[in-house]
Amino acid sequence: MEARTLYRLSADNAGWQAAANWLRAAAAQGPVLWVGRSPPGGVPHVAPAQAGHWLGHEVQALVFEARQPLAVDALVTVAGLLLGGGTLVILDGTGGDGAFARRWQAALAEPWVRTVEPPSADRLPGIMPRAAGPFAWTPDQAVALGHLAGLAPGECVALTAPRGRGKSTLLGEFLGAALQRGESTITLTAPGPRAVDALLARARHWTHAPEWHYRAPDVLLEHAEPLDTLIIDEAASMPVERLLQLARLARRLVLATTTGGFEGSGQGFRLRALPALEGAGFCVRLQTLDTPVRWARGDPLEDWMNRLFLLEAASRPPVSQAVRLRWSTGTALADTPQTLEAVMGLLADAHYRTRPSDLARWLDDAGVHLLLLEGAADGALFGVVLIQEEGELERGIAEAVWSGERRPQGHFLPCTVAARGDFDLAGEGAWRIQRIAVHPHWQGLGLGSRLLRAVADRAGAKGVALIGASFGLQPVLLHLWLRAGYGLVRVGIQPDAASGQVSGVVLRATAPRLQPRLQQALAAFRRDWPAWHPRFLPDTTAAMVSEVLGDQDAEGDCPLPPVDPVADLKEVRAFSQRARPLEWALPALLRQLAVAPPDEPEGQLLEASLAQPIDWDRLARELEVSGRRGVTRRLRRAARNWLEARSL
């Protein structure tokens, strides 16, 4: 199989025309794709934001519009669609002098990248029709198929592979062949149904309708029925706790995940998930697929992508030694490649999903700060904290956030407190801890707490009044933050797409003048929690948070604040007459309904609809509206009519 090639053209009219003419000619010989906002007519095209819809396809010729800002995630996605012998043409219209811009331009200047100047379709390579050769399994695929064929009860086969190694083809072969033999006891799951399209396509070579074997993770966990053989694709995209819950349903287990990029971290998967499965009683057999099937081994385009975006960055276990703290920035890390790779590797291993675009953002954003915990002897990376500066909100904007009418980007923590009505707190600058990671070999020794203390000290010294974070709620993580002096101020109502868990927001005040105000906000959250969580949260999450909040109440740090009827009425009006979300206004709404139980139809409809838990699908049917938005609009109208009936 031939290597892939990369050509660079200027993104002016001449470059665009040359690329368009070339791709039209190539379309007569095989599948092609244009990625960008200005595609020519007559060729398949996709906008960068929708590039993921093409996962599972293959192309022989590809044009990518590289504009400012560069659509990094789209580029990495579509590069994986290009077959061996194919050509990627980049229309380069990027600029700037930031750290990532310099990295990008240096990569495009490498000798193997062919710059066509002046642009001309005649100087781009011709595309030959792709001859379909005889299909053959790679040696590592053949070994993996043998492991799958011999899978016994209590065993787990874990497949890891970079993109383009035929992982989906392999799993589809296993599923389809088993179904043809009449083995109908295999269940397939993944973070989303689109993730298994290629797998099911291969299974259809053996049987016509394998789709029914896919079941969403939430459906499996809700029914909790015993399973014989369970395949979990893109397993590294799921949190370890969810993987364990799914694994406990199965007698036999097959896990597969893509390493690098944004599908998940293979190294983190090996370090965290596989030991947890062994601890749960599974005999785990790890099989790595190394041989490419879409392109040649040692493909220069794959190597270029990996080096440019650090897709294969991995953390290395530090040896025992004294450690020191060091503050840095993304721009400074760009000049120390080894440290940058170590940071990216550790962050990718520690979190559910690290996208290629994260590197570009972290290198160029002046508001990003990094705290490194390094070995004093050799500089090895033990831990890292990545912090994002967030500016304060003007009072008018904070009130618009509270009413649900504004949500300015780049102000996550100020918007969170503004949504609670804490406009004074929203007017303070904040540091948001986006990532914190300690190398798995050195966890449980207090290094994470040491990092958090250092962040608080630095923030206080620089006059930053608030620090906080948002993360998927797990008992260990929540206790870590609470021990570090943070308080829970908000819980989300839907699972995060990356972690699969409901997120919580924690805050800490570094300025003594703000301590009383923040304590009141935290106490108000605890006061409203018993009325709020039964209507929005899964029982397991609610029970875990309730236990933690109960421990806080037992300590008696801050008594629960009294209810303010005037403030409650203001909340209900904002829900009924403006755009304040129901989940924000719910405690006040319930208290007002309790104070004046409704005796007219609209008020009674509102009261009945807010019974716990809120069943959005049932309400949509009963209220004859469409979806959650339709239900919310109808409840706003009911609240408005109820207030009018009360003459309020």
Side-chain angles (χ1 to χ4, degrees), residues 1-48 50-66 71 74-93 108 112-136 138 163-166 168-169 197-198 201-202 204-205 291-305:
M1 189 177 293
E2 298 178 55
R4 299 178 295 174
T5 54
L6 173 59
Y7 284 74
R8 176 192 190 187
L9 276 66
S10 59
D12 54 18
N13 289 336
W16 183 93
Q17 191 63 58
N21 292 339
W22 172 75
L23 200 65
R24 289 193 185 103
Q29 306 300 325
V32 303
L33 180 64
W34 183 291
V35 184
R37 296 189 295 270
S38 305
V43 296
H45 58 272
V46 66
Q50 281 75 50
H53 296 170
W54 275 72
L55 286 172
H57 291 73
E58 295 178 340
V59 300
Q60 289 181 245
L62 179 65
V63 174
F64 185 88
E65 294 181 40
L75 176 58
V76 174
T77 297
V78 298
L81 312 179
L82 189 64
L83 293 167
T87 296
L88 167 60
V89 172
I90 289 181
L91 289 174
D92 185 31
L108 288 177
W112 84 280
V113 180
R114 305 173 191 181
T115 299
V116 178
E117 188 62 44
S120 169
D122 296 337
R123 298 178 62 189
L124 294 171
I127 301 297
M128 300 299 293
R130 183 177 176 84
F135 179 83
T138 65
R163 293 182 68 191
R165 267 61 181 179
S168 295
T169 301
D197 284 348
R202 179 68 187 187
R204 291 189 196 100
H205 290 197
T291 307
V293 297
R294 289 188 194 167
W295 47 77
R297 186 185 288 273
D299 178 72
L301 180 60
E302 181 179 42
D303 176 66
W304 186 79
M305 287 281 184

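E302 has its side chain out of reach of M305: every pair of non-hydrogen atoms, C-beta onward, lies at least 4.5 Å apart. Counting only heavy atoms from C-beta outward, the side chains of V32 and V59 never approach each other to under 4.5 Å. Side-chain contact between L301 and L88 is present, with at least one heavy-atom pair separated by less than 4.5 Å.
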Apply side chain to side chain contact (heavy atoms under 4.5 Å, CB included) to L6 and F64, showing your working. CA-CA 11 Å; L6 173 59; F64 185 88; over 6 Å; no

Starting from the C-alpha separation in whole Å, work towards a yes-or-no answer on side chain to side chain contact (heavy atoms under 4.5 Å, CB included) for L62 and L81. CA-CA 9 Å; L62 179 65; L81 312 179; 5.9 Å; no

Could you walk me through whether L124 and L9 pass side chain to side chain contact (heavy atoms under 4.5 Å, CB included), step by step? CA-CA 10 Å; L124 294 171; L9 276 66; 3.8 Å; yes

The test is side chain to side chain contact (heavy atoms under 4.5 Å, CB included); show your working for D92 and L108 and say whether it passes. CA-CA 9 Å; D92 185 31; L108 288 177; 3.6 Å; yes

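Summarising the geometry of N21 relative to A121, their closest heavy-atom pair is CB-CB, 4.0 Å, with the distance given to 0.1 Å. Heavy-atom minimum distance, V78 versus A51: CG1-CB, 3.9 Å. Here the shortest heavy-atom pairing between A296 and A3 reads CB-N, 4.3 Å. Annotation for H53 and H57: closest pair O-CE1, 4.0 Å, computed over non-hydrogen atoms. Here the closest heavy-atom approach between residue A26 and residue I127 is recorded as CB-CG1, 3.6 Å. Taking both residues in full, the closest heavy atoms of A74 and P48 are given as CB-O, 3.5 Å, listed atom of the first, atom of the second, then distance.
For the pair R4 (side chain) and A79 (backbone), a donor-acceptor distance under 3.5 Å is present. Side chain of R294 to main chain of G80: a donor-acceptor pair is present (N/O by atom type, distance under 3.5 Å, no hydrogens or angles). A side-chain donor-acceptor contact under 3.5 Å links R163 to the backbone of T77. Side-chain atoms of R24 come within 3.5 Å of backbone atoms of G41 as a donor-acceptor pair (strictly under, hydrogens ignored). Listed for the R123 side chain is a donor-acceptor partner under 3.5 Å among the backbone atoms of E117.
Distance check: W54 CH2 to H45 NE2 gives 9.5 Å after rounding to the nearest 0.5 Å. Rounded to the nearest 0.5 Å, atoms CD (Q17) and CH2 (W22) are 14.5 Å apart. Within the model, atoms CH2 of W112 and CG of D303 stand 8.5 Å from one another, a figure rounded to the nearest 0.5 Å. Remark: T87 OG1 to Q60 CD distance equals 9.5 Å, nearest 0.5 Å. Between the CZ atom in R165 and the OG1 atom in T138 there is a gap of 10.0 Å [rounded to 0.5 Å].
Annotation for Q29: atom CD counts as buried by contact number, over 12 foreign heavy atoms lying within 6.0 Å.
Side chain to side chain, W16 and E65 fail the donor-acceptor criterion of an N or O pair below 3.5 Å.
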